Amino acid sequence: MLLEIENLDVHYGRIQALHGISLSVGEGEIVALIGANGAGKSTTMRAISGLRRPSTGRITFGGEDITKMRPDRRVVAGICQAPEGRGIFSGMTVQENLFMGAYTRKRGAQLNADLDHVYMLFPRLKERRRQPGGTLSGGEQQMLAIGRALMSRPKLLLLDEPSMGLAPMLIAQIFQIILEIRDQGTTILLVEQNAQQALSRADRAYVMETGSITREGTGADLLVDPAVRDAYLGVA
Amino acid sequence: MTTLKERYYAVADGVRKAEAGRQKWAQGLRGRWQSIPKPVRLLAGLAGVVLLFALPNIAIPGIPFRTDEIPNGIGFSFVLSTIAIYVLVAVGLNVVVGMAGLLDLGYIGFYAVGAYTVAIFGSPDSIVATKYPWLICVPIAIALTMVSGVILGTPTLRLRGDYLAIVTLGFGEIIRLVAVNLRVTNGQRGIPSVPAPDEAHVDWNVFGWFRIKFDFDLDIFTPMDARPYYWLALVLIIVVILAVRSMERSRVGRSWLAIREDEDAASIMGVESFKFKLWAFAIGAAIGGLSGALFATRNVFVNSGNFNLLLSVMFVAAIVLGGQGNILGVVLGTVIVFYLPERFRFLSTKRELVFGLALIVIMVLRPQGLWPSRRRARELQDRKLEAKEAAAGA
Amino acid sequence: MNYFSDRWHDLLPNLGDLVVAGLTQGAIYALIALGYTLVYGVLQLINFAHSEVFLVGTYASIIVWGWIGYAAGDGNPVPALGTVILLLGAGTIAASLVSGGTAVLIERVAYAPLRRKNAPRLIFLITAIGASVAISELVGELTNRRPWGVPLLVEPKTQFVIDPGMSINPAPVTNLQIGIVLSAIVMWFLLDTFLNRSRFGLGIRAVAQNEDTAALMGVNKDRVIMLTFLLGGLAAGVAATLYNLKIGTISFNIGFLLGLKAFTAAVLGGIGNLRGALVGGLVLGLVENLGAGFFGNKWIDVVAFVILVIVLMFRPTGILGDSLGRARA
Amino acid sequence: PSDKSGDNGDGKSCTYKIAMMGPITGDNAGLGKPILQAVQLAVEKHNSAHADKCVTLEQADDKGDSSVAPGLAQGLVANASVLGVVGPAFSGPTSATGSIFEGGKLPIISASATRPDLSTKGWTTFHRSLGNDASQGPAVGKFIKESLKASKVFVIDDTSDYGTGLSEESKKALGSAVVGYEQIQPKQTDFSAVVAKVKTAAPDVVFFAGYYAEGGPLAKQIKGTGIKTTFVGPDGIKDQGFITGAADAAEGSIVTCPCIPAEKATGTFAADYKARFKEDAGTYAAEAFDAANVFLDGITSGVTDRAKMLDFVNKYDKDGVSKHIKFDAHGEIAADQIVIWTYDVKGGQIIAREPIK
Amino acid sequence: MPDDETTPTSEDTPTSEETPTAKETAAAEEIAAEERGGDSPAEFLAETAPETVAPPGAPLLSVRDVTLRFGGVVALDGVDFEVRTGEILALIGPNGAGKTTCFNVMTGVYKPTSGRVEFDGERLSGRKPHIITRMGIARTFQNIRLFPEMTAEENIMVGADAHHKTSVIGALLHLPRHGREERDGRRTAAELLEFVGLEGRGGELARNLPYGDQRRLEIARALATRPKLLCLDEPAAGFNPAEKERLQQLIRDIRDLGHTVLLIEHDMRLVMGVADRIVVLEFGQKIAEGPPAEIREDPRVIAAYLGVPEDAA
Ligand SMILES: Nc1ncnc2c1ncn2[C@@H]1O[C@H](COP(=O)(O)OP(=O)(O)OP(=O)(O)O)[C@@H](O)[C@H]1O
Ligand SMILES: Nc1ncnc2c1ncn2[C@@H]1O[C@H](COP(=O)(O)OP(=O)(O)OP(=O)(O)O)[C@@H](O)[C@H]1O
Ligand SMILES: CC(C)C[C@H](N)C(=O)O
Ligand SMILES: [Mg+2]
Ligand SMILES: [Mg+2]
């Protein structure tokens with residue numbers, strides 16, 4: 001397993017957001033994490049990236065214990081996140097934002113090739129290359145956040161609701177891109193409200209409720225699980 | 001699986017329980033105080049006030065809190081009167097900084113306008129030499145400072161955050177520097193012989209119709225005894241605090257709070273932010289003017305040195321140190337910031353060094369201030385705990 | 001009207017000299033302003049103690065000159081060019097190191113603990129004031145609160161004369177003045193290039209705009225912040241040395257007003273913006289000197305603050321606006 | 001500074017106090033120090049001679065700042081055991097506090113405040129043991145015109161009570177020789193704008209009416225631009241601080257002062273002072289010694305309250321170490337006792353030159 | 001509110017008390033709920049519904065030929081449509097089409113380069129935000145912007161204050177209006193909290209509410225300003241299908257209260273389920289307008305936005 005989380009507790013102030021969750025992500029997998037608002041999905045992501053320190057529990061990455069590692073070290077180790085809310089550097093241009101994604105990498109031809117790749121995936125970004133990130137529309141910012149995460153060439157890519165705020169057509173495209181990235185060898189942990197889409201692409205998935213993991217299984221299994229259908233897939 | 005609604009609110013319930021627990025913990029003392037029956041609380045408050053009034057006459061052997069008990073110390077009631085005047089200033093500034101969230105670093109300017117107004121119209125040594133009694137100068141001072149608050153506020157209040165801070169700071173300096181250079185303020189040299197509150201030497205010929213002539217001096221307020229000034233200041237503080245409190249707990253206070261939290265959102269929710277900010281400025285200014293008027297008469301002499309920027313910044317420090325937003329905290333902060341240097345006068349030249357270090361240590365240990373408002377305490381506690389759980393490196 | 005024509009008459013002959021003097025003083029403001037703007041850009045914090053970062057630099061270079069054997073009033077002749085370069089180099093390095101070190105120290109002692117507690121920015125302002133008071137008082141104690149004179153290292157030599165003719169007196173421009181203005185521009189250029197071209201620079205700007213995301217991109221926030229303080233301190237050290245050469249007397253309490261002016265300059269140009277610091281510094285120096293020439297020297301500070309207020313009225317984020325800061329909420 | 005002067009040897013503290021008010025800290029603290037020490041010396045001498053009537057010295061550090069002084073004055077006035085004040089040292093604080101001392105009927109003798117109008121404000125408690133700037137101003141004018149043979153003089157003052165008063169008097173005396181006039185701000189450090197004007201005026205002499213904290217850097221910056229002119233300043237710059245501040249530029253400046261050089265003081269004053277404080281008596285030390293002795297003589301002669309002290313001071317008529325001390329109705333010294341001295345700055349020292357005749 | 005003086009709430013909450021504790025608020029809410037005798041939304045129509053509304057179907061807000069440029073970017077290009085009283089109008093379109101920008105023009109945040117916006121017969125552009133709010137437009141934000149350190153109740157009271165008049169003098173002297181308006185504000189808050197499903201949470205700090213509740217609170221706060229037109233910018237972002245269901249019902253309820261609703265949303269199931277009419281933007285231009293059934297089939301909309309209709313299934 002590439003990423004392993006054991007028994008993680010995370011608090012916000014006196015509020016406990018995660019109650020002893022354990023999950024794992026294997027090399028080359030797409031793992032989805034679904035759950036209602038406030039279930040603790042983003043908190044889990046933040047804990048993996050090191051933005052939140054767990055009060056108990058252990059996180060290992062590639063066999064190494066990273067529970068106490070600084071967030072910037074984790075990036076070097078190969079974990080990169082496109083966070084919820086996008087976290088665009090609003091004063092930097094689109095291109096500078098993308099270069100920030102490659103902050104820990106060496107400049108060179110490889111980097112420029114990756115840049116071109118991102119521009120190919122999102123032509124809109126290329127158009128807006130010199131526009132400050134803060135003036136992009138919501139959806140454009142989402143593209144930028146994903147593109148930026150790709151620029152770090154992570155071993156493990158964390159995507160927190162990548163489809164949020166995207167137009168239907170783009171959503172389909174994003175999921176297509178996710179599959180492509182995986183095929184190029186990147187492991188992906190995906191948080192999604194769009195459970196239908198997420199589960200149908202994921203190798204495995206976890207369901208979170210009020211800070212705990214209540215169910216896990218392959219994407220296909222969960223997709224047909226009646227309780228999951230009832231709660232997350234809507235009545236359609 | 002439980003229903004959506006139940007699941008949904010399980011989290012919220014957790015949140016609420018934790019919040020309730022924390023409030024109880026954070027309030028500890030306050031809760032106990034609140035649980036005492038009201039008449040007892042009132043009595044205790046009254047006793048506190050009485051104690052404050054009696055303070056200049058109290059000495060406790062073994063506890064040398066009086067500043068005149070130390071070598072080269074200054075008269076205790078004099079120090080008390082200074083602190084009381086500064087408390088009044090801080091209460092006014094707290095309306096602007098603590099309640100409306102406008103970082104005004106030039107507040108001292110209003111205090112200066114108030115003081116100079118009294119000196120110019122009251123002192124026989126000023127060039128206008130109208131020699132108005134103090135009691136007549138005070139309303140003039142308040143009116144003038146309110147007007148200057150509006151004049152300063154109108155163009156500056158559309159600036160945000162630190163830009164506002166630096167512009168107000170600039171204005172504060174401009175007021176002081178203009179006072180240094182103008183003739184009515186007698187420049188650098190200042191205006192001596194500001195009248196006492198209880199004297200009047202008036203000989204007016206009203207339109208040539210009749211003559212008003214007073215000439216009295218009750219000799220209650222003299223340079224020899226600062227206690228009457230202290231008592232007067234205490235009375236004013238109590239009145240002003242009551243007034244400010246009732247404002248805080250109204251639509252006005254709520255609007256200030258909303259502006260402080262998110263000004264754009266507030267105005268989109270219908271808060272006329274400019275108007276309320278201007279009110280905060282004007283009210284703050286008026287209180288500043290009042291304290292300036294009080295200062296001028298107590299100090300007898302007024303010059304620009306009384307209004308330097310560092311003092312202005314010290315007031316902000318006092319408010320933050322005590323706990324912004326909470327009037328009693330503000331009072332405490334002011335007392336500490338302005339009492340301790342007097343108490344430690346024996347450290348002689350090193351006392352300001354010690355003071356600077358103390359400022360750092362206190363704020364680092366208690367960033368929420370010594371006695372913050374409930375709201376601020378909660379906010380700070382949250383932020384702190386959050387920071388703790390955030391990773392060490394972040 | 002008479003007043004104005006009289007004043008104008010006063011000002012006119014000195015116009016050239018005042019412009020030169022104003023730009024020189026402005027260059028020093030600009031160098032100090034760089035430090036304010038850097039720290040502000042990253043932490044949105046008015047580093048009130050930056051004036052003291054500058055202050056210790058002025059003492060550091062004088063002390064080093066003293067060690068080398070050039071103290072004020074020791075009767076040494078103005079040294080030869082080679083020695084001057086050595087002295088200036090040593091002085092600048094010493095001042096920059098001491099200033100930079102002090103800046104980092106202040107960060108560690110007065111700000112880092114608060115950052116760890118996630119305290120609101122106003123609290124930082126108070127510890128900054130505490131640090132400022134403490135340092136300046138400490139220097140006061142150590143120097144007996146007496147001013148220190150600076151040895152005459154560079155005999156001002158006129159390099160060229162600006163002679164605009166009319167009734168304006170020819171204004172000689174000295175080697176010292178040229179050096180000061182050039183240093184400011186070079187220093188700004190280096191910093192600006194560093195920020196915009198280097199990886200670390202990108203990191204600084206990232207932290208300035210969004211700390212959390214910056215961490216997600218692999219930026220070490222603590223290191224970035226220390227670096228920012230260090231850079232600001234280095235610039236202040238250069239300013240300190242130049243100040244010594246230009247003004248020639250220092251005292252424990254010079255920091256406050258100078259810091260205030262420099263901060264004003266930073267805001268004037270658009271705080272958070274390095275180019276703004278340079279422009280703001282030069283504009284402030286120029287305007288206040290011309291104002292002093294026109295209204296009389298005692299109005300010099302009034303002119304400085306009035307210009308600040310006027311500029312902010314029309315451009316609420318300064319002449320060039322802020323750039324490290326955020327664009328859209 | 002030591003507080004030993006308050007003890008009469010056996011640790012018992014004394015009944016009566018006199019106070020010294022002046023800058024003990026602050027930008028111009030150098031000018032307060034000799035005054036404080038001279039008063040200290042006088043009190044110590046008194047206490048060892050009259051252990052039964054020993055006196056404590058209160059130090060009121062006004063920093064030379066008018067805005068600090070009123071609080072201290074009120075503190076002194078409220079303290080009934082203070083019978084007299086030597087000071088305030090500077091004119092600004094004196095004019096700020098005059099009405100307070102008057103209100104408290106507390107007699108004061110300044111050994112150094114020279115602004116002329118201090119004595120004409122109707123304060124019965126005010127006295128000074130030296131000549132004022134109505135004498136210094138004309139003397140400066142005379143000296144610059146006659147001894148320095150200057151025909152173009154640029155006058156600068158610092159907007160203080162002292163500076164403005166003195167610049168006014170000296171401008172009057174200099175008349176048409178004045179080719180320019182400017183004012184600087186206390187605490188100002190960059191004088192470019194003033195220097196530009198000085199350069200344009202190309203004066204033979206620059207006369208600066210103010211204190212050394214600004215005088216030093218000003219002299220330095222004027223010289224720094226290469227203008228050939230003589231820098232002349234009054235008692236306010238007569239301190240080593242002027243030389244450290246101006247560094248090499250101080251050399252050749254000339255200082256005037258209504259104070260006598262310590263070595264010209266009568267008796268053993270200069271030697272006693274040096275023995276006690278391990279340094280030469282500085283500016284106004286002798287005058288301050290005399291002022292303190294007026295009060296101390298009063299206490300020796302049995303004065304126990306302020307009214308009697310005021311009466312005693314007004315009737316005082318005795319030789320001091322600097323001059324014969326006797327105050328007129330305004331609290332001023334007799335005109336024939338007043339001598340204005342000039343000093344040279346030479347080799348980093350301020351050295352007495354001659355009295356202006 | 002004419003019957004205010006007689007409600008039990010007015011006696012329970014003396015005006016000079018500090019903000020009520022959670023317990024007090026809960027009590028007040030209970031009483032308010034009892035008084036209404038049930039949950040029927042129609043009961044508090046009087047509280048939040050706009051005072052005067054144009055007849056149903058008449059244009060409430062009209063966007064007339066609006067163009068907006070940012071430098072070289074044309075964000076809006078001759079956009080022209082209207083919102084009719086009493087309807088739910090959805091504004092959809094690809095990312096970067098100009099929806100949010102259009103919103104910002106309507107609410108006075110941006111000034112159009114050309115063209116104009118009229119609301120209720122009056123021109124909007126150039127007016128201050130608080131005036132626009134008082135004219136009857138309220139909005140929520142794409143990223144939540146509550147007053148985080150204020151309680152849920154206080155948040156709503158700020159909204160309710162939009163129509164209150166107490167100012168400094170009134171508060172200072174405790175004039176009767178001050179007390180009346182405070183009580184009114186509390187009552188509005190209690191009712192709206194219940195309406196959006198946050199009963200009992202009035203005393204909690206906004207920042208401590210779960211995300212979904214914050215969204216709901218934002219809607220309640222906007223309703224407290226008694227808007228004629230309520231604008232919602234992607235209110236369902238980050239909701240799962242079940243939650244979207246609830247939101248859909250809430251939006252309908254709001255319309256039933258008499259508010260007109262303008263909705264920006266990318267979730268087609270929500271939009272199709274709730275909107276009466278839809279306006280579609282692409283590259284700053286209006287490319288279609290009509291009822292959901294029509295839009296769903298419009299080939300231009302399918303090509304530009306919907307794509308393969310898999311998602312709507
Ligand atoms: N900064 C914070 N302060 C206090 N509580 C917080 C904070 N951030 C999150 N929480 C709480 O922690 C819990 C988990 O939140 P989290 O953001 O991880 O949920 P989520 O599953 O990502 O939900 P969503 O689908 O809304 O993004 C929630 O109850 C939330 O209210
Ligand atoms: N200040 C600005 N400067 C330059 N371009 C801008 C600015 N503001 C918006 N834009 C551009 O205008 C276009 C419209 O943006 P808008 O935010 O209205 O899109 P939207 O329709 O809301 O998209 P989304 O669904 O992604 O939120 C975008 O391409 C955006 O980049
Ligand atoms: C000590 C002296 C320099 C004081 C100066 N003569 C004054 O009047 O202020
Ligand atoms: Mg989330
Ligand atoms: Mg949008």
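Values below: every heavy atom of this structure, side chains too, minus hydrogens, waters and symmetry copies. Everything quoted here is computed from the prediction, not taken from an experiment.
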**OP:** List the atom of D/Ser95, the atom of D/Leu118, and the distance in Å for their closest heavy-atom pair.
**Re:** CB-CD2, 3.5 Å
Original post:
Relative to chain B, which segment of D/Gln183 carries a heavy atom at a distance below 4.5 Å: side chain, backbone, both, or neither?
Top reply: neither
Original post:
Closest heavy-atom contact between D/Ile35 and D/Ser112?
Top reply: CD1-OG, 3.5 Å
**OP:** Apply the ring pair (Phe, Tyr, Trp, His ring centres under 6.0 Å) test between B/Phe307 and each candidate in B/Tyr116, B/Phe110, B/Phe315; give the one that qualifies.
**Re:** B/Tyr116
Original post:
If you count heavy-atom pairs under 4.5 Å with chain B, which of D/Gly75, D/Pro70, D/Ala78 comes out on top?
Top reply: D/Pro70
Original post:
Side chain, backbone, both or neither: which part of B/Asn306 has an atom under 4.5 Å from a heavy atom of chain D?
Top reply: both
**OP:** Indicate whether the side chain of D/Asp133 and that of D/Tyr162 have a donor and an acceptor atom separated by less than 3.5 Å.
**Re:** no
Original post:
Where on D/Asp161 is there a heavy atom nearer than 4.5 Å to chain B: the side chain, the backbone, both, or neither?
Top reply: both
**OP:** Pick one of side chain, backbone, both or neither for B/Val180, based on which atoms fall under 4.5 Å of a heavy atom in chain D.
**Re:** side chain
Original post:
Within a radius of less than 6.0 Å around NZ of D/Lys171, do more than 12 heavy atoms belonging to other residues, nucleotides or ligands occur?
Top reply: yes
Original post:
Any luck finding a side-chain donor-acceptor pair between B/Arg298 and B/Thr82 under 3.5 Å?
Top reply: yes
Subject >> Leading residue by heavy atom contact count with chain B [cutoff under 4.5 Å; candidates D/Gly92, D/Ala73, D/Gly71] >> reply: D/Gly71
**OP:** Could you grab the distance from atom OG1 of D/Thr114 to atom CZ of D/Phe90, nearest 0.5 Å is fine?
**Re:** 10.0 Å
Subject >> Closest-packed option against chain B by number of heavy-atom pairs under 4.5 Å, given D/Gln185, D/Arg115, D/Lys121 >> reply: D/Arg115
Original post:
With only heavy atoms counted, which part of D/Lys105 is less than 4.5 Å from chain B, the side chain, the backbone, both or neither?
Top reply: neither
Subject >> Interface moiety of B/Asn181 toward chain D, non-hydrogen atoms closer than 4.5 Å >> reply: side chain
Original post:
Which bit of B/Thr222 comes within less than 4.5 Å of chain D, counting heavy atoms only: side chain, backbone, both or neither?
Top reply: neither
Original post:
Which atoms form the tightest heavy-atom contact between D/Leu76 and D/Arg306, and what is the distance?
Top reply: O-NH2, 3.2 Å
**OP:** Could you look at D/Ser91 and say if it's the side chain, the backbone, both or neither that has a heavy atom under 4.5 Å from chain B?
**Re:** neither
**OP:** Could you tell me which of D/Gly104, D/Ser99, D/Ala96 has the largest number of non-hydrogen atom pairs under 4.5 Å with chain B?
**Re:** D/Ala96
**OP:** For residues D/Val68 and D/Asp61, report the shortest heavy-atom separation together with the two atoms involved.
**Re:** CG1-O, 4.0 Å
Original post:
Taking B/Val300, B/Val302, B/Asn299 one by one, which has the highest count of heavy-atom pairs under 4.5 Å against chain D?
Top reply: B/Asn299
